[in-house]
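The structure under discussion appears below in the form of structure tokens.
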Amino acid sequence: MTEIIKFWLIDINYQESERGDEIRLWGIDDKNRRVLLLEENFKPFFYVKAKSPEALDILFNRLSTSAGPLKPVIEVKKVRRKLFGKNIAVLEVKCRSEKDMERTVEKLIESGLVDETFEDDLRVTDLYIIDTDLTPSSWHTVTVEEVNRPEFKVEKVYKVKSLLKRIELENIPELKYIVFSMICLSQYGSPNPERDPIISLSIVNDKGETVTFKYNGSDKELIENFIKYVNEYDPDIILSYGSNRIWWDYLLKRAQRHGLKLKIDRIGGEPHRSVYGHFSITGRANIDLFDFIEDLYEIKVKTLENVASYMGIEAPPETFAGDDRIYAIWTENPEKVHEICRNRAKVIMEIARNILDFAIQLSALVYMPLDVVGAAAVGFRVEYHLMKNAHKRGELIPKREERPYQPYKGGLVLEPKPGIHENIAVLDFASMYPHIMMKYNISPDTLTTEDEDVYVAPEVGYKFKKHPPGLYKETLERLLKARKEIKEKLSKLSPDDPMYRILDARQRAVKVIANANYGYAGWLGARWYVKEVAEATTAWGRSFISKTVEMAEKLGLTIIYGDTDSIFVKYDPEKVKELLKIVEEELGMEMKPDKIYERVLFTEAKKRYAGLLKDGRIDIVGLEVARGDWSQLAKKVQYEVIKILLREKSPTKALDCTVKYIQALRRKEVPLEDLVIWKTVTKDLEEYKARAPHVTAAKMLIEKGYRLTLGDKVGYVIVKGTGKLYERAVPYIFAKYDDIDIDYYIERQIVPAAARILKIFGIREQDILNAASGTSLMMFMKL
DNA sequence: AGTGCCCGGGG
DNA sequence: GTGTACGGGCACT
């Protein structure tokens, strides 16, 4: 008996079997039941571009004579598709299974008649999403027939009888989700699953219920309890912090030691590593919140503690105790560790509540399954979105290729006027690159050598067809239009409305993807990489900003600075208004006042300034204060100096303040944490050509058993001695205060950071040192 | 003093 | 495994 149901997709996987391969769609129906749809009708396909029209015919004949419903190749069609906008004839080859597709492609290549194949490099589940209406984290209607398949841990199993149709429903089903947190016992260094047991594992579910499983001389029962809990609570989503990088692997290895299988998915299997390094749990969505936090560059070191503090989540300070501290606490009072573990889980649940809506919206927007979208880098999210749109347009999806690095010119940066300026307006072009790409139809498929009906890029001279709208234009227009619509809906809702949260998350997701499109265009790894596209976009950008500068000058506005899509001008309301009007009329681009600084401070350096806003807040850009690789001490001193100069305009007081910090350090009153310098390990340690302090520190950490992965930040301090800095860098967790090289911190941290700003007033590094060593301030000021 | 490596933050 | 522009520290010559 067939019926029509509503279906919201959580997870998708492809299963090979003797009865025939099937796509499994895991989700929820409108009666809030967990359901599985088995799709047996969809067959993988790919495209073949032959070396010549004759070759195409030969291949077509060969393939079609052996094609049939039960054969490896089911169907062959001659079709027309586009490749970078150019119409071409290709074969569309439909196969019985993924394996058959691979074998068929191989054979075709061997024939020597094939120029290129397309879309055979995509997984079947991706092909399904791209080719049908199926959208992750979204609602559909579908005609189905119930089947009896008790091996699946869901309430209903159906066979798909018709293709799913997406329906525009914004509500999200009542998802069941859990968060887990675990603590392992390690006496020294990072926990190692071959050695260190899990001593505590806490779960919080969406109802707010908490449970903690405890070590009892072994972690076997703890793991069994975890498995039991997941199967009984049966969550749709499992969230954690760091699970893709650490915890799933850890749990699997610990389970294996006890001869256990971590059977927590909906088919009685274990979590397994999948695309972009994420762990897949069949039938559920595994989300590592760390993957989303990674995109928040405002949080420098992504510890749970810093994330909690950034999001205003409160927890007892002990919650974030490091591994060494945990060992001490455990020896003293194991219950305390369980409490910590529970508190961590609660913190993670709070983070989850802040991020889940966004994750769901991003997943639906770019068509990536919920568990994949977080793990995928920005470029892949953009690309997935493009692939779907390209397929709809009949545009073939190019393969990835290795390409040599080819630099191209970027944005224009104006020389700043050094000094302190009063009343400065910052004007900028909103979403400049997306608008340029739309305005001039810049796209991989519109680039042309023809001269008729084209836009010609300044400086570089590349030409883009005015018609028809290219892939990028169409994609961006849809994104910006969607954002506008969402914002309109938002304006009619109260922020307390549950729908507000969802829509707000959606508009943020849209913005992120739209803005990343230009970056994608210039990414060497992009399927649609065309250097001219990125190059033309920045060329138009430079042209716009230069023309704006000319117009501003003509109006008599004083320009202080400018970068890529912005100019800083002396604020004259009438003239600024006039400028914005002219820019709109003559350049056809919208420019808006972004902010007004009551006072702004520039050195001779580009991309480095500090400004005082009307409401008293201070913006700091580029300077040491804003950087993660300077000690907290240097940043504090520089911030104080900037504050005094911007608010009180008193260089003497700023100098005095600097000297006080130096004296405090000499008296060892500055906490050790304020002396730590953080730097990222950006490659394997052996690959470093230069010797550097953070590399030394990283090596020491590894030697002592600490886990260190690419992209981790290493915190080190500089200790006394005679050698090079890299010989005197020590991970701060190993350092003793008495070993600290105080002079380094004065001469290489405090003084340069302060002098960077003070030199505007003629105060040099040596002047600060003299002042600090007792040479009278008065003496200096008389000079 | 000049060059290369390396890193981070920002438009 | 988004882009380029830029400043600045340090190692090395």
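Protein chains get the first letters and strands the later ones, always in sequence-line order, with residue 1 at the start of each. These figures come from a predicted structure and were not determined experimentally.
Regarding A:E624, its CD atom lies at a distance of 7 Å from the P atom of C:dG8, rounded to whole Å. Distance, A:K679 NZ to C:dG8 P: 14 Å, rounded to whole Å.
Between the side chain of A:R627 and the base of B:dG8, a donor-acceptor pair under 3.5 Å is found.
With both ends at atom P, the span from C:dA5 to B:dG2 equals 23 Å, rounded to whole Å. Separation of the P atoms belonging to B:dC6 and C:dG1 is 16 Å when rounded to the nearest angstrom. Across the C1' atoms, C:dT2 and B:dC5 are found 23 Å apart, a figure rounded to whole Å.
For A:K607 and B:dG10, the shortest distance from a side-chain N or O to OP1 or OP2 is not below 4.0 Å. Close to C:dA5, at under 4.0 Å from its OP1 or OP2, lies no side-chain N or O of A:T564. For B:dC7, one of the phosphate oxygens OP1 or OP2 lies less than 4.0 angstrom from a side-chain nitrogen or oxygen of A:T682.
For the pair A:G411 and A:A692, both in contact range of DNA chain C, the more 5′-proximal nearest nucleotide belongs to A:G411. Between A:F380 and A:Y726, the one whose closest nucleotide on DNA chain C sits nearer the 5' end is A:F380.
Shown are A:R748, A:K635, A:R756; of these, the salt bridge (Lys or Arg N to Asp or Glu O under 4.0 Å) with A:E624 is made only by A:R756.
Within 4.0 Å of A:W630, counting heavy atoms only, lie sugar-phosphate atoms of the nucleic acid but no base atom.
Ring-plane geometry between A:F464 and A:W540 is classed as tilted, the angle between the planes lying from 30 to 60 degrees on a 0 to 90 degree scale.
For the pair A:K683 and A:Y688, the distance from NZ or CZ to the six-membered ring centre is under 6.0 Å and the angle to the ring normal is within 45 degrees.
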